[in-house]
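The chains referred to below are lettered A, B, ... by the order of the sequence lines, with proteins before strands, and numbering in each begins at 1.
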Amino acid sequence: MLSDQQLAMALLTVGFAFFGLVGTARLLRTLGAGSPARYAAAAALLGGPATRALAAAGDWPGFMAVAVAPWAMASVLKAWPSTWRGRIGYLARAGFLTGVLGAMAPVAILLPLAAVILRAVIGGTWSPVLRALPAAGLALPFLLPWINWVSVSNILEQGTGIYFAPSVWAVAGVALAAVLTLLGGDGEAVMLAGWGGALAAGGALLGRTAGLGVGREPGVAGLVMMAVGTALIVGAAVDVTTRLGDAALIRRVAGWGAVVAGVVAAAAVVLLVPAGRLGLPEDRYGTQLDFAAARADAHGPDRILIVGPADELPGESRESTGFSYRVVPGSGPLLAEAWLARPREGDAALEAVVGAIASGEDVRPGSSLAPFGIRWVVFTDDSFPALESQFDMDQLPGLEYTTFENEVFSPRAVGADGSPWRWDRPDYVASGGGVRPVYISENQDPRWGEEWLAAGWANQVGGAGDRISFGGNPVNRRLAMLAAAVAALLAVAGIVGREGTG
Amino acid sequence: MIRRILVIALISATVVAASLAPAPQPPQPTVPVATTAPGPVTAQALSTCAWVLADDAHETFVSIVTSLEVDVALTFPVAGEIRETYPESLTGPAASAIPVSRVLSLGVTPTVVEFSDGPAAAGVVVMGEGSLAADVCPPSSSKVWVLPGGSTVSERGLDLQLFNPFPEDALVTVEPVSEEGFEPVAELERIAVPGRAWRTIPLHELLPFRQSLSVTLRTEQGLVIPAMIQTVGSDQAIWTDVGRSEVWEFPVVSIGDVVPSLALANDGALDVAYVLDFFTDQGPLEATLEGTVPAKSQVRVPLTGTADGPFAVRLRAEGPLAAVAVGEAESRVAATTGAPLTSTRWLLPGAGADSAAGHAVWLLNTGVEQITATYQLLDANGLVEQARKLAVPGGTVKRLELDQVGISGVIVEAGGAFSVAWSAEAGTALAFSSGVPIGD
């Protein structure tokens, strides 16, 4: 299974969805809700507008975070054990689950703490805050590789934000359920719906900060927060009927209205069924980019430059004047490549080249793109007229997207004898004469070895041998190992300490 | 109850704040390349010469003028492939005239001229026995081209050259308009021009005996660069489309015995009224000529008898028109597009390139104030001699004879805006060419 990435991802997605359903039911049980409310809340977690927005944006880790969030929140709401062993196990489990949540959506590492603070503010107890705080602290090592990658100063600006813009109908059921529960529910229902409403509203606010220049992760955390809030609102609404007793008629009407609205909101989960992808976008760039592999030379298919509106490009993209673009491997983009690193010298050079091509100044785009290892240019939007007046790219007929092939030899890496080197992720292997030095069209990086020299924005690697290995980031590797060690320690402590849980 | 109200207020306030959060601004769509109409010919990094002829009986100079240090590459696409590339380096201000036979001698071989920097401009001078023609090479491409000024009466030859220097095949429909009105011709619909190739359409065979013929090209797929080639006797004239404008200046329309006329085409949906102003070396003439070009039509305006001696013309129209000045005699013909704008600095590729011809530069100052033009005669090594100056009073046209042999182009500049063109005479053969303004 692990050799089949598509199957592995499909099973992981379904597994996490089930994990989220169970976690939501546990969270609602911890909060004292009845069975129908738990099931409705679980359905609303997956079918709610925030989860659907995350899925539609293709944010697979964010979707996973939605599934983990109820577990992490439940872990700090459970009763505090009476024994030290149980308490250590409790905090270890809470830290572990919060850490896993952070690994999926980094800023969401603060969600359990923020959620219980909000609950305390609107009428709950403060004791969960005292447990969520150390849990968040224990979870922080999970983020160390990510923080090192984006740097602390870029955490809020990193990436392209998702702007949460649901249709009115998508939020109407949830909003109505919240309002009617707040009007018709008893104290506990109001507490639960109020907490859910505050989480949902706060999450929606965070999820709409993309227009304010905020990066991707705060928005993703906001949508995770809203997803959990939606589940709590629906759970509270459906649970109202068990608490109406001999309430006044107007409260009974509002209560039953809340139930209907809650059930309708929960029923939105069926919208995920027809496509069979849990709302995740279809694989638009699978077969459409197969031409590159099919026409690849022995050294590989080089790179593809995809140009079009940002929402039509795979993963994150960069912007030029009036359009967006991104580069993907000719072998097809992987999920891990969905997010772009901070732009460096090579990215700036490519931006200049793409701008010159788009403006019509550069009539030999093939020559200009070849140093970047770009053999293909794909336009997702037919109205884009670039490359009509140019001399060294051929249009490929019969493809879904307007596609050009570079006439200029454009390998990702080329030896001193002009022979290409094959990309063997992340290394390069000689596919011809193997004569060094080798020009590697990646952003310059000394981790290509001791024989490395900067070649403009790219790399030149001397020495001997048929393979050039990329050394990786030793700091990141150590931080990842530290995070794994902390995760393992917390997992073991959580299991061992389980016996003492009260 | 108070807590309940506070919770509702808190949630409501947050929802309102969320609803007010602005959406990210999508990139503003732009049109990266000109696709509807060619703009004024201004110096850029690329020029396309659709009509280049080099064989046993003809030679073509591809002339390049630059004010900077540039690397130049001439590329000759033939039958779908790049047949030859010719590099040249110039340290500006300089001008070069590259004889095409030195590179290829295959007859018609249109070429693309690429510059590493600008401002620079290219033009062609096509020479043969009793034949001389010149034109600038347009730097922009377009989906729609309008070329007025042709004629197929009295056994005049008229060819339309469609050059597709790009890899993608092109599909072009040619819409001819004559004094008879629109004349659809099946052979001119959806003409396929393969990539890196050209088609020469003999309009004189398809539409003979037309006094005045204008064509509009509409490109359905790909792009082409056209040129019109008029043959009278052994002499030829070539011109292309440099755009539509409401103002045109023609510093040269008449030399010696040639009968001057102005061909105007209106590809718009509304009639366009126009006024012609005339300028001599003594000043502007009081008489003007007025008329209208009907929508989707063309007219030929004879300019005979307007003035004694050389004169220049300015056209002012109420809408955009394409315009070409044509001068014809019994066995010679010259034609050129005008200047759709005035500028303070002009490049004249090809001026002086044919050492056997007599060349003249024509400077038109339609303003009120006198300008002092400085002109640089250039060859591949730079200035041939010290730059000279010429005063051009307001409302006059001045003729500047180029008596210096061995120059390949000229740069003219002045403190005020003006327009410029050049002419060449070799025996009975005659050529007109416009200049290329340097943009700001």
Worksheet, complete the sentence: Counting heavy-atom pairs under 4.5 Å with chain A, the top scorer among P165(B), A170(B), G195(B) is P165(B)
Worksheet item: Side chains of F166(B) and D392(A): does their closest heavy-atom pair fall under 4.5 Å?
Response: no
Discussion item. For R190(B), I'd like to know if atom CZ has over 12 heavy atoms of other residues, nucleotides or ligands within 6.0 Å.
Written reply: no
Worksheet item: Is the closest side-chain heavy-atom distance between R364(A) and T75(B) below 4.5 Å?
Response: yes
Discussion item. When you compare the side chain of E407(A) with that of P167(B), does any pair of heavy atoms fall below 4.5 Å?
Written reply: yes
Worksheet item: What do you reckon, is CD of Q221(B) surrounded by more than 12 foreign heavy atoms closer than 6.0 Å?
Response: yes
Item to complete: Identify which part of M191(A) has an atom lying under 4.5 Å from any heavy atom of chain B, answering side chain, backbone, both or neither.
Response: neither
Worksheet item: For V121(A), is it the side chain, the backbone, both or neither that has a heavy atom under 4.5 Å from a heavy atom of chain B?
Response: backbone
Discussion item. Using a 6.0 Å cut-off, check whether atom CD1 of I250(A) has over 12 heavy atoms from anything other than its own residue.
Written reply: no
Practice prompt. Look up atom CD in E114(B) and atom CG in D362(A), then write down how far apart they are to the nearest 0.5 Å.
Written response: 9.0 Å
Worksheet item: Among residues 7-19 of chain B, which residues come closer than 4.5 Å to chain A, judged by heavy atom distances?
Response: V7(B), I8(B), L10(B), I11(B), T14(B), V15(B), A17(B), A18(B), S19(B)
